[in-house]
**Student:** 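Please read through the structure below; I'll follow up with questions.
Chain naming here is simple, since letters A, B, ... match the order of the sequence lines and numbering starts at 1 in each.
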Number of protein chains: 2
Amino acid sequence: MTVTLADVAARARVSPATVSRVLNGNYPVAASTRERVLRAVDDLDYVLNGPASSLAAATSDLVGILVNDIADPFFGIMAGAAQTEIGGPGDGSGRAGGEKLAVVCNTGGSPARELTYLTLLQRQRAAAVILTGGAVEDPAHQAAMAAKLAKLADAGTRVVLCGRPPLPEGEAVVAALAFDNRGGGRRLTEHLLTLGHRRIGYVAGPVERTTTRHRLEGHRDAMAAAGLYGDDTTTEGRLANGRDEDRLTVHGPYDRRSGYDATLELLRREPEVTAIVAANDTVALGASAAIRDRGLRIPEDISVAGFDDLPFSVDAVPALTTVRLPLFEAGARAGRLAMGKETPPPGGIATIAAELMVRGSTAPPRK
Amino acid sequence: MTVTLADVAARARVSPATVSRVLNGNYPVAASTRERVLRAVDDLDYVLNGPASSLAAATSDLVGILVNDIADPFFGIMAGAAQTEIGGPGDGSGRAGGEKLAVVCNTGGSPARELTYLTLLQRQRAAAVILTGGAVEDPAHQAAMAAKLAKLADAGTRVVLCGRPPLPEGEAVVAALAFDNRGGGRRLTEHLLTLGHRRIGYVAGPVERTTTRHRLEGHRDAMAAAGLYGDDTTTEGRLANGRDEDRLTVHGPYDRRSGYDATLELLRREPEVTAIVAANDTVALGASAAIRDRGLRIPEDISVAGFDDLPFSVDAVPALTTVRLPLFEAGARAGRLAMGKETPPPGGIATIAAELMVRGSTAPPRK
DNA sequence: CTGTTAGCGCTTTCAT
DNA sequence: ATGAAAGCGCTAACAG
């Protein structure tokens, strides 16, 4: 029933090996022979058997892209960019030449699913794997991940990290592109401090995530540097010191609902807050909604800031002050790295700069 | 180097066949034997060779989900929902039992890439394929798609359409879940007409897409039913008739930029418009930005409406009037259909209702 | 530049 | 309930 390589070979009056060589294009074949083979392929409407090919070659053309939340443009942009570098442009013939099959796998942020997908990809003998976004910091999971990635690398799979910090033992990884979440978080809060804010609420992401921790640390670094935490003696310092660090922080998932609820909670705990910093833009949107529902104005009563600079952030009203991450560029670079089209950065690690975008949602506090 | 089935068999002191049966769980095996095998698997850290398995079984555990734009939550939500039904929950062992590998492929809306991905999936002997979102209406491409899907179905791949109208010859498809784009578009414009709007600009999606056409047709149906197109004799009708149908419509991609530019263009062509209907929520966001940049207020000066009811739409200021599509539910159902966990609707076709969501961005026109 | 020949690692009748 | 053996369709030495 199904057409095989042998059928094509017979029709083209060559050996199966020659057909294979033509199809893979990685071996010299006479032009006339190639023509004949290609014609036979078209005539017979032949489609290569991927599993058979992968089995014999001990490698497949699958490239996995793991994302924490496929409905979040943060991941969608990176994944899409990576795919453009991996999948061939598609010549319209639908014949599918040497392209890789770039596939994105949605872990939903669950460590178990992350591991499962990695196993599935390992089982498929994937050519490469790209892990995007923050990692879960649970030690057991980290160890399991390191072991799994080492095994993948062992089997010849190229592993690239995109928007995720390098692993403790990073030798299994081709390259790690890490966002400067900490620096971005620090500069964002410095901006708020410069405007005159002192009582700043922070809506953090889920606990035990690198992204969450680094952004929060950046924020706290800035606060501490301004003497707003710990044993300082300024009035503001005393008001906001000590446990305020925790009192003014609420954790939750990276979604608008979390931003909404957490902001209501922060407003309840400390009605005097003059600014809310959100873990990302989506959360900031929820925070803004909560502020408005409480009858407060942005930025006159409360300033709001986000992180990522997703496409919709500039259209928020007022436009959202945030930290821009070059998601597309990073994703594309990860794709190239995964394909071996680009040489890894020195040490395999590159830190990607985050740029502060000041817009209408932040202003000096009232009074 | 790599551990094979035979190694496991040797260690468990059984035959390779038995190990295979234990792993696939589709054959009676004595409990004690199973225990022994499973232990050997763990001891050896064995991972099934997917390609070999697929080759022998003539089917793989890959399920492809094609999307037009992975950075668009419209697709992300459907794809994520489908994946929850397809991938096993992940038991945390990372062992990966009978799960399928649900992978999403980003076509970027390009017909050529769509076909290429289908070929790649065919090559992998995918267990199922889910096509999401609007289809390109070019006859040549439709024919190519129909042929390709027929071939996939022939090879045992289950094909499911989600948010895409059924094919002319739909026998290759397990099921088609179509959104009621036309009805939704009609009700949305009826809402505007009821408010008193007569001069309504329409920012449509890309031409030659089913989604674009159906939503636009719904809009025009409503306009025509109100006597606002064609040879009527009312004052409004005369003002807005004939070529106005085209003059008040601008096509563009489904992104905010397109909404921004198109709205500026509509405002230029017809300064008297009192409402802008956008092809989807993202476009509506761009339209809103353009309206504001022109110094006009929403909804006092101009009403704005979108389509889809994406999560951010309720947080827009003012909240966006739109048409809600049950994206998650549809995606999940498509996933179940692809897995054969749910029986297809009668005739293989189900139309999914669209619900009008009236919010703050629409109001009666001024004066 | 092209043909021959072995497998790649697993599933699956067919026996037992 | 388990084992033996025959491929699945392709690639990759190795010749020529």
**Student:** D:dT11 C1' sits how many Å from A:Leu23 CG, rounded?
**Tutor:** 12 Å
**Student:** What residues form a side-chain hydrogen bond (donor to acceptor under 3.5 Å, both in side chains) with A:Thr18, not counting sequence neighbours?
**Tutor:** A:Ser15
**Student:** Collect all protein-nucleotide pairs involving nucleotides 1-3 of chain D in which both atoms are nitrogen or oxygen and the distance is under 3.5 Å.
**Tutor:**
residue : atom : partner : partner atom : Å
D:dT2   : OP1  : B:Thr33 : OG1          : 2.3
D:dT2   : OP2  : B:Ala30 : N            : 2.7
D:dG3   : OP2  : B:Ser15 : N            : 2.7
D:dG3   : OP2  : B:Ser15 : OG           : 3.1
D:dG3   : OP2  : B:Thr18 : OG1          : 2.8
D:dG3   : N7   : B:Arg21 : NH2          : 2.7
D:dG3   : O6   : B:Arg21 : NH1          : 3.3
D:dG3   : O6   : B:Arg21 : NH2          : 3.3

**Student:** Please name all residues satisfying side-chain hydrogen bond (donor to acceptor under 3.5 Å, both in side chains) with A:Thr33, sequence neighbours left out, ordered by chain then number.
**Tutor:** none
**Student:** Can you list every pair that meets salt bridge (Lys or Arg N to Asp or Glu O under 4.0 Å) and has a residue in residues 9-23 of chain B, with sequence neighbours left out?
**Tutor:** B:Arg11-B:Asp43
**Student:** Sequence neighbours excluded, which residues qualify as side-chain hydrogen bond (donor to acceptor under 3.5 Å, both in side chains) partners of A:Thr107?
**Tutor:** A:Asn68
**Student:** Report the residues that fulfil side-chain contact (heavy atoms from CB on, under 4.5 Å) with B:Asp138, sequence neighbours left out, ordered by chain and then residue number.
**Tutor:** B:Val136, B:Ala140, B:His141, B:Glu208
**Student:** Under the rule for side-chain hydrogen bond (donor to acceptor under 3.5 Å, both in side chains), what residues qualify as partners of A:Arg125, not counting sequence neighbours?
**Tutor:** none
**Student:** Over how many whole Å does the gap from A:Leu48 atom CG to D:dC8 atom P extend?
**Tutor:** 17 Å
**Student:** Measure from CG on B:Leu5 to P on D:dA5 and round the result to the nearest Å.
**Tutor:** 17 Å
**Student:** Just the rounded figure in Å: distance from C1' of D:dC8 to CZ of B:Arg125.
**Tutor:** 11 Å
**Student:** For A:Leu55 and D:dG9, give me the distance from atom CG to atom P, rounded to whole Å.
**Tutor:** 12 Å
**Student:** Closest nucleotide of DNA chain D for A:Ser20 versus for B:Ala52: which of these residues is on the 5' side?
**Tutor:** B:Ala52
**Student:** Which two nucleotides bound the region of DNA chain C that has atoms under 4.0 Å from heavy atoms of chain A, read 5' to 3'?
**Tutor:** C:dC1 to C:dG9
**Student:** Begin from the C-alpha positions of A:Ile70 and B:Val104 and carry the test side-chain contact (heavy atoms from CB on, under 4.5 Å) through to its verdict.
**Tutor:** CA-CA 9 Å; A:Ile70 198 178; B:Val104 358; 3.3 Å; yes
**Student:** I'd like a table of donor-acceptor pairs (distance under 3.5 Å, sequence neighbours excluded) in which one partner is a side-chain atom from residues 328-349 of chain B, with atom names and distances.
**Tutor:**
residue  : atom : partner  : partner atom : Å
B:Arg333 : NE   : B:Glu342 : OE2          : 3.0
B:Arg336 : NH1  : B:Glu342 : OE1          : 2.3
B:Lys341 : NZ   : B:Glu85  : O            : 2.9
B:Lys341 : NZ   : B:Glu85  : OE1          : 3.4

